[in-house]
Amino acid sequence: MNVDKKEIYGSRAGAAGGSSEGHNGDKWSESLQSVFELALEYQGPERTAKLLEQLAGQLRAAPRPSAGATTPYLNTIPADQQPPYPGDRQIERRIKSIMRWNAMAMVVKANSTTNVGGHISTYASAATLYEVAFNHFLRGHTDSFPGDMVYFQGHAAPGMYARAFLEGRLDEKHLQNFRQELAEGGGLSSYPHPYLMPDFWQFPTVSMGLGPIMSLYQARFNRYLQARGLTNWKEEPKVWAFLGDGESDEVDTLGAITLGARENLDNLIWVINCNLQRLDGPVRGNGKIIQELEGLFRGAGWNVIKVIWGGDWDDLFARDRSGLLLKRMEECVDGDFQKYCVEPGSYTRKHFFGKYPELLELVNHLTDDQIRKLKRGGHDAHKVYAAYQAASGHKGQPTVILAKTVKGYGLGEAGEGKNISHQQKKMNEKELREFRERFRIPINDDIIAETPFYRPAPDSVETKYLLERRQALGGFLPARTVAPVALDVPKLDCFTEFLKGSNSEISTTTAFGNVLRILLRQKSISRNIVPIIPDEARTFGLDAFFREIGIYSSKGQLYEPVDRNSLLYYHEAKDGQILEEGITEAGSMASFIAAGTSYATHGVPMIPFYVYYSMFGPQRVGDLFWLAGDIRAKGFLLGATSGRTTLNGEGLQHQDGHSLLLASTIPTCLPYDPAFGYELAVIIADGLRRMYAENEDIFYYLSLYNENYSMPPMPADVEDGILRGLYKFKPGSDGVSPASSQTNKHSPAGGTPALPVKAHILGSGPIIQSALKAQEILAERYGISADVWSATSYKLLRTDAIRCQRWNMLHPTGPAKKSYVEELLAKEQGAFVAVSDNIRTVPDQIAPWVPGGLFTLGTDGFGRSDTRARLRRFFEVDAESTVIGTLYALAAKGLVEPQLVEKAIKDFGVDPEKIQPQLV
Ligand SMILES: Cc1ncc(C[n+]2csc(CCOP(=O)(O)OP(=O)(O)O)c2C)c(N)n1
Ligand SMILES: [Mg+2]
């Protein structure tokens with residue numbers, strides 16, 4: 001019998017992209033059938049049955065893809081299906097070795113004189129993964145191509161700096177000042193931070209998990225832009241994310257991966273460096289991280305490519321007919337594999353191969369040293385290339401490459417595979433020599449202790465090769481290229497009608513909806529607006545937008561929505577404008593960031609308006625808010641259903657009284673707490689100007705509330721105050737009757753008429769209503785005139801005050817500067833009180849600059865569910881409590897008698913012994 005091996009051996013089962021079905025499958029089945037018939041004819045049925053049983057036994061032991069979540073612990077792409085390597089591996093290895101050296105030297109050098117830290121072992125394990133990508137895959141930014149978007153693993157940064165050094169983009173001084181950004185001449189930031197190195201880094205990644213989730217939503221956002229006709233590439237950019245296996249424990253890493261499959265994001269490639277270790281020790285000492293991840297990604301609908309073993313193993317696998325080699329590998333846990341890379345080859349021979357005599361025999365021809373050097377797949381450029389190529393061409397699904405490596409590869413005694421590897425920052429002279437020898441770096445003994453950097457000459461083969469590769473791929477990476485595009489943003493006059501106020505009672509959330517509707521009608525920016533909602537549009541009354549501008553869906557709408565007959569039906573469309581993200585604040589923030597950085601990644605400025613439950617903003621996904629600052633994102637965040645007492649009924653979990661404070665901590669974020677529709681319009685119009693016409697890298701946080709009240713028309717000359725953070729909204733009534741009028745107890749005696757007692761109440765958001773009502777009560781019942789101020793942003797007032805104070809400190813003999821808040825309030829006399837639906841710390845931010853101090857009423861403590869009126873009385877921020885607070889502030893200054901406060905307490909039936917909302 002003659003079976004044509006080549007003809008039927010078309011592809012191996014389980015190989016990436018291959019299939020044993022179809023034409024080849026038929027051949028196999030025909031061949032087996034004929035062998036079976038021959039056996040029957042020549043051996044008879046009994047002997048044939050025995051033979052078949054024997055073969056079935058072998059089949060059980062053989063490697064074979066399971067129908068379950070995982071495939072055997074083998075490379076997904078078999079050796080015979082690897083494409084030829086297109087580069088010069090010798091030169092590339094030389095270049096990589098130099099990178100390794102410089103990346104290590106940068107950290108060691110910095111730590112020889114400082115304790116600034118740094119990481120050697122991560123890049124050491126990932127160098128091949130990066131170099132193959134840099135030399136053959138990652139495309140740079142050109143005039144007609146935005147560039148591939150690459151999320152570099154944060155603490156592998158020294159490797160990226162080492163490359164930029166060889167490319168001539170960084171010089172020795174930069175490397176010398178790694179992690180010493182304040183040193184003379186500037187230095188390099190520890191990790192990828194576009195805020196600090198805006199021409200270099202595109203994406204902050206070192207807060208683990210954020211790179212992965214951002215890359216997912218970035219890949220989806222690229223499709224959104226294309227679907228809406230805002231970009232026009234000839235070739236689609238790819239999004240690459242390099243991450244760690246330990247990082248995969250972050251919920252942000254794995255929590256959103258189904259999006260990739262659902263949206264068919266074949267523009268997304270993840271490379272997970274499975275060095276089996278994280279910071280403290282093994283990632284899965286008692287298991288197998290690669291198998292675990294494979295199961296998860298396959299289950300989520302991703303294309304998974306495992307790169308486990310380097311080429312040295314191919315021969316062993318080919319010769320192992322028993323299936324024992326795979327069996328042995330599958331038996332070992334990651335803790336064992338870690339051990340094999342720190343022990344000598346004799347240990348692996350004994351403990352790994354030695355378990356089965358057949359395996360010992362399999363490696364008889366190898367010395368212990370050769371056994372020790374059997375490479376893992378992630379250190380084999382050819383295997384890595386094959387995986388990248390398969391990933392790049394894969395259609396319909398995102399790809400994850402699970403590459404097995406050794407942490408601290410090449411560090412030898414200094415940390416290769418050791419548990420302390422992640423923390424290693426120093427190397428002694430002996431270790432440096434070994435490293436030099438292993439990677440053949442031409443550095444002499446006499447200077448090696450200084451860990452000098454090594455850069456081949458510009459006309460060296462290495463430099464020329466490196467530059468030629470980058471040129472062929474479009475340019476250097478990482479690189480952040482921003483060509484400022486100024487949008488023709490609408491001015492405040494587009495809101496003329498809106499600024500007249502509303503007769504009907506509406507909330508600031510509804511007012512925002514009206515602002516958005518007006519903006520969507522402005523031709524110059526309407527297409528750039530990206531409304532983002534995580535499943536709460538109905539809560540915010542924004543569901544009308546579903547029909548008006550459509551919800552983006554790459555698939556359009558494949559079903560007839562149940563509410564199709566209603567005017568405002570749930571309308572999904574391929575060119576829909578809304579990103580309705582579902583219940584994922586992290587995903588929505590990732591979309592906000594992708595949209596808010598589109599001016600940089602695509603050269604297309606987009607204006608995200610992300611509206612969400614304010615409690616699930618910075619409190620829930622604060623690190624992404626922080627990152628939005630670092631990455632220089634622009635746009636508007638709108639924390640709706642804000643206010644500890646404005647959101648009544650919902651109780652402890654939902655009532656937010658602190659997001660403004662959290663937002664205040666982000667240096668590039670402008671938090672505002674508008675009370676009225678016109679304030680919103682002024683703030684948003686100015687925000688558009690600053691971010692999209694003046695190109696400031698800032699973003700806005702606006703709290704929105706759901707209490708309805710009539711929105712007054714905009715008073716004259718308040719725009720500047722609104723934007724700066726404080727203006728007088730309603731002066732106190734002059735009609736305080738002289739009979740009841742309180743007079744200033746400290747007014748000069750002896751003929752001079754006593755000054756009327758004056759108070760100032762600062763309110764913001766809907767709680768300004770408490771201030772306004774208190775103003776009336778104070779005048780009518782206690783004869784006190786109070787001005788009501790709208791405090792739109794305590795943070796901005798504070799920042800301005802700090803700026804002046806610092807200037808004064810550094811210019812002690814010059815004329816002192818006065819902050820806006822000091823200047824504004826200097827003309828006023830009396831007591832100052834702030835009332836807020838947020839914790840007291842929010843208004844207290846300006847206390848040091850308020851003449852005579854600020855007395856604050858706020859909502860410190862956990863929320864609870866009840867009616868708005870009862871909540872406000874409970875937290876002491878209703879009108880009556882504001883009256884009591886104001887009288888107290890006046891009494892504290894000796895401006896009224898304490899008995900007056902006591903009277904008010906009685907007047908309003910307040911129990912002075914009632915519990916205090918804040919307990920600790
Ligand atoms: C959110 C977050 N938590 C903790 C850290 C601190 N950290 C930096 S690197 C690291 C270990 C990373 O392990 P892994 O992802 O496996 O990367 P490797 O260095 O092994 O490639 C940790 C815990 C961080 N950067 N971000
Ligand atoms: Mg790791």
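In each ligand, atom 1 is the first atom listed, and ligand 1 is the first ligand listed.
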Quiz item: How many protein N, O or S atoms are found at a distance of less than 2.8 Å from the Mg ion (ligand 2)?
Solution: 3
Quiz item: Quick one: does V206 get an N or O within less than 3.5 Å of an N or O on ligand 1?
Solution: yes
Quiz item: Does ligand 1 have any atom that is closer than 4.0 Å to a heavy atom of H119?
Solution: no
Quiz prompt | Atom indices of ligand 1 within 4.0 angstrom of G246 heavy atoms, with elements | solution = 14 (P), 15 (O), 16 (O)
Practice problem: Show which atoms of ligand 1 fall inside a sub-4.0 Å distance from at least one heavy-atom site of H422. | Solution: 9 (S), 10 (C), 11 (C), 19 (O)
Quiz item: Is atom 22 (C) of ligand 1 less than 4.0 angstrom from at least one protein heavy atom?
Solution: yes
Quiz item: Is R436 paired with E431 through a side-chain N to carboxylate O contact shorter than 4.0 Å?
Solution: no
Quiz item: For atom 13 (O) of ligand 1, which candidate among Q423, R278, E250 provides the closest heavy atom?
Solution: R278
Practice problem: Return a yes/no value for S207: is any of its N or O atoms, backbone included, closer than 3.5 angstrom to an N or O of ligand 1? | Solution: no
Self-check item: Geometric N/O contact L279 with ligand 1, under 3.5 angstrom
Solution: no
Quiz item: Based purely on interatomic distance, does Q277 place a nitrogen or oxygen under 3.5 Å from a nitrogen or oxygen of ligand 1?
Solution: yes
Exercise. Mark up the atoms of ligand 1 that fall under 4.0 Å of a heavy atom belonging to N275, in ascending order.
Key: 18 (P), 20 (O), 21 (O)
Exercise. May I ask you to check whether S125 has an N/O atom sitting below 3.5 Å from an N/O atom of ligand 1?
Key: no
Quiz item: Any idea how F352 and F337 line up, ring-wise: parallel (<30°), tilted (30 to 60°), or perpendicular (>60°)?
Solution: tilted
